[in-house]
Protein chains: 2
Amino acid sequence: MGRENSGIGQVARIGLGRVTIADLAMALDLSKGTVSRALNEYDDISEATKMRVAEAARRMGYRPLEHAQAIRTGRIKSIGLILQMDEHDGYGPFLRDYLAGISQSASDLGWSLTVASAKSSADFERTARRMVEQRRVDGFILPRTLVNDTRFNLLQRMDVPSVLFGRVGYGTGTVDAGASWYDIDGEAALAEAVNRLVKFGHCRIGFVGAPAEYNYSHIRRDGYLRGLAEAGLEHDPDLMISDVRTFSDGERAARKLLLLAEPPTAIVYSTDETALGAYDAAAGFGLKLGRDLSIISYDGAARGSYMQPTLTTFRVNLSEAGYRLASLLVRRVEGEAPESLREMAKAQLVRGGTDGPAVLTSLQLATRICRTAA
Amino acid sequence: MGRENSGIGQVARIGLGRVTIADLAMALDLSKGTVSRALNEYDDISEATKMRVAEAARRMGYRPLEHAQAIRTGRIKSIGLILQMDEHDGYGPFLRDYLAGISQSASDLGWSLTVASAKSSADFERTARRMVEQRRVDGFILPRTLVNDTRFNLLQRMDVPSVLFGRVGYGTGTVDAGASWYDIDGEAALAEAVNRLVKFGHCRIGFVGAPAEYNYSHIRRDGYLRGLAEAGLEHDPDLMISDVRTFSDGERAARKLLLLAEPPTAIVYSTDETALGAYDAAAGFGLKLGRDLSIISYDGAARGSYMQPTLTTFRVNLSEAGYRLASLLVRRVEGEAPESLREMAKAQLVRGGTDGPAVLTSLQLATRICRTAA
DNA sequence: CGGCTTGCCGAAACCGGTTTCGTAGATTAA
DNA sequence: TTAATCTACGAAACCGGTTTCGGCAAGCCG
């Protein structure tokens, strides 16, 4: 820049000539302050004046300049979201729905959505700090919560509002302390999955769990266990494999379960990503999914619906989740107590072709597998 | 709000107690204005003072409050991106990379990314207008450009800077008038695809084009034609099908081409989405992709790499694209002429299993198809 | 040595809002 | 009727920056 520079670059500036609060005041023959207080529903302004002001504002197309307000109020009316590049997956094709839900909600409330990305968890901290210091956001939505979530701890220390997608602190003394969240009831879903399989006649049902650092891992496992208990089935620890992270981990897990002396005739997976591994494992043993082996999983990732047969899974409505998360965060920033800002939703079963009536007993299955493996 | 309300809600506010420019001025025993000009490299400030100020700013951890600057400068240093929900696909699983590229670039330049969504093209206009009126963004990135792109026209009329991902105005007199863009050279890619197939010994090569409203459709078709010409192959209009939009359109197109008296032994597709339809069409005729029929397409969508065999396609680096787009937009907002802000990149061939040496002639293929169809 | 630049900075206005404070006039209470 | 209280608004300070303007002091020139 510099003085002599002025006018050189024909700098492109966005939409000049807005109608300001001063224009309004002028037109109404009121003072700026009165107009401002009228618009903000202060109660030392008469109803008549409020009406006049609101009417004129509408007529003249007045839109407050939000960052001008922000410098005084400290609120920029913007939701922060940091995409983490280090996590596997990251919503896949549904990221768009998720973002649309958030931004739609934000837009409905007069807010906006600011997106950043981070390559690591250290990078998350730097990015979050920067966004807060520059007041680009009023708070954050934190997806994929961990049992001990450093992101949440950081924001809490910095006294920055946040809303979690998922809960935190499973099994610790301080569950959800001071957190507001939106979560899908994974426990109910997995219990229902077990229940469904039991109705199909399965009595040995395996479980493949997710990495222990994710809070949902424990909740989904609890759902599996509750499902067994409700069906009066005893719980065999051999049927449970945990800390399964990737596609190929999922394949290994299925193989291991199927090679048991008494293999499960059905397996409940905690995530779609890992459940897809079961396709290859089943094929390896010459088993047809949905007939010889039933699979139900959780997430509703798109890939499952392109598979042959399509994956039976509990789908999470990410658009709805985004919408709710954003409105919770706005209320949080506006001062509501975190304890009152918690919502639980249900996942919806998407019937695919990977589950069905048990046609083989565990022992029959074992013999078939034995033959193939030999 | 209201006067009596103050203090009631224990309103959560983000990070108070920042160091302001006044603090800096105080500490340095300079005036606010001088400090500001020093930081902004005005040249009526001595080098010595600039150094002192920069040093102190660093030491005290000063970060300008961007929306405070914005109210004077008119620049909020934010990039706008509107996700359109009405378009099929929308980058699928690569949306995250795309967003990461944009936000990374923005962040490197001290900017940020504001995301909104629109359900229709009318909604796009409303959303864009609102974002501009409230000065939430300085300009927009417009992906998936059309030949006649109303979004671009709108922004141009409103005098709002934009950068296109793809070009506009194919075949009209006013190609790219006043537009800055980043594009992948689809013409080169498709010409290369044809060239590759020719080297494999194919001499009847079909083409499946995308809907005519997309600017890239014409460019990719030109690439196909150029590839033919370079190989000295004559162009048979029967081998070209255009306006193919969806998966099942793609399947129909393949079927139609294969049922010709002299069917193509290879087909070049304009998009992965439609190319996936060729799998089913080929299976329907009992043809093995990569042996009996070769397919090459364009996009690099993830699904192709999960197919059996994997899809040979030209992959677009969306992270890089996002990165470049964002920096072009920033330069555009800062006043550079649109004509100087145009970049072309190359798509990269991902060798899959759907293409290979021609083992059948067109006529042999025709006989096989005829047998199967009968 | 005086006049004229030039370099460098302070003072103050400004951007578009919000919020505090004071007060005229109407209303109520004494 | 007068004093006290409300009601409803204006004036002005303020938020954290940017930008304009004016002027002092040093340097240059003849």
query: Any donor-acceptor pair under 3.5 Å between the side chain of B:Arg75 and the base of D:dT18?
result: no
message: Less than 4.0 angstrom from a charged side-chain N to a carboxylate O is my criterion; do B:Glu125 and B:Arg129 meet it?
response: yes
task: Look at A:Tyr42 and D:dA8 and indicate whether a side-chain polar atom (N or O) is within less than 4.0 Å of OP1 or OP2.
output: no
- request: Indicate, yes or no, whether a donor-acceptor pair under 3.5 Å links the base of D:dG10 to the side chain of A:Arg37.
  value: yes
query: Heavy atoms under 4.0 Å, any strand shown: does A:Ser46 hit a base, just sugar-phosphate, or nothing?
result: sugar-phosphate
message: Just the rounded figure in Å: distance from C1' of C:dC15 to NE2 of B:His67.
response: 14 Å
- prompt: Under a 4.0 Å N-O cut-off, is there an ion pair linking B:Glu334 with B:Arg331?
  reply: no
- prompt: Is there a side-chain polar atom (N or O) of B:Thr34 under 4.0 Å from OP1 or OP2 of C:dG10?
  reply: yes
- prompt: Can you tell me if the side-chain N/O atoms of A:Arg18 get under 4.0 Å from OP1 or OP2 in C:dG17?
  reply: yes
query: Among the nucleotides C:dG16, C:dC8, D:dT18, which one has an atom lying closest to any side-chain atom of B:Asp44?
result: C:dC8
message: Expressed as a whole number of angstroms, how long is the span from A:Leu39:CG to C:dT18:P?
response: 7 Å
task: Using whole Å, report how far CD1 of A:Ile45 lies from C1' of D:dG10.
output: 10 Å
message: For B:Glu55, is there an ion pair with B:Arg52 - N to carboxylate O distance below 4.0 angstrom?
response: no
field: A:Asp183 bridged to A:Arg167 by N-O distance under 4.0 Å
entry: yes
- request: Select base, sugar-phosphate, or nothing to describe what B:Thr20 touches, counting heavy atoms under 4.0 Å on all strands.
  value: sugar-phosphate
query: Is there a donor and acceptor pair closer than 3.5 Å between the side chain of B:Lys32 and the base of C:dG10?
result: no
- request: Measure from the side chain of A:Asn40, starting at C-beta and using heavy atoms only, and say which of C:dT18, D:dT19, C:dG17 lies closest.
  value: C:dT18
Selection from C:dC9, C:dG16, D:dT19 that lies nearest to any side-chain heavy atom of B:Thr49: C:dC9
task: Whole angstrom is fine here: how far is it from CG in B:Leu65 over to C1' in C:dG16?
output: 14 Å
Nearest-Å distance for atom pair CE/C1', residues A:Met51 and D:dA8: 17 Å
query: Salt bridge check: are B:Glu66 and A:Arg135 linked by an N-O gap of less than 4.0 Å?
result: no
message: Just to be sure I understand the rule, does A:Asp29 reach a base, reach only the sugar-phosphate, or reach nothing, if contact means heavy atoms closer than 4.0 Å?
response: sugar-phosphate
message: On DNA chain D, does the nearest nucleotide to B:Gly33 precede the nearest nucleotide to A:Leu30 from the 5' side, or the other way round? Give the residue.
response: A:Leu30
- request: Mind calculating the distance between CD1 (B:Ile21) and P (D:dG17) to the nearest angstrom?
  value: 6 Å
message: Expressed as a whole number of angstroms, how long is the span from B:Ile76:CD1 to C:dG16:C1'?
response: 13 Å
- prompt: Where the side chain of A:Gln69 is defined as all heavy atoms beyond and including C-beta, which of D:dG17, D:dT19, C:dG17 is the nearest nucleotide?
  reply: C:dG17
query: Do B:Glu133 and A:Arg18 sit within salt-bridge range, that is, some charged N less than 4.0 Å from a carboxylate O?
result: no
message: Can you measure B:Lys77 atom NZ to D:dG17 atom C1' for me and round it to whole angstrom units?
response: 13 Å
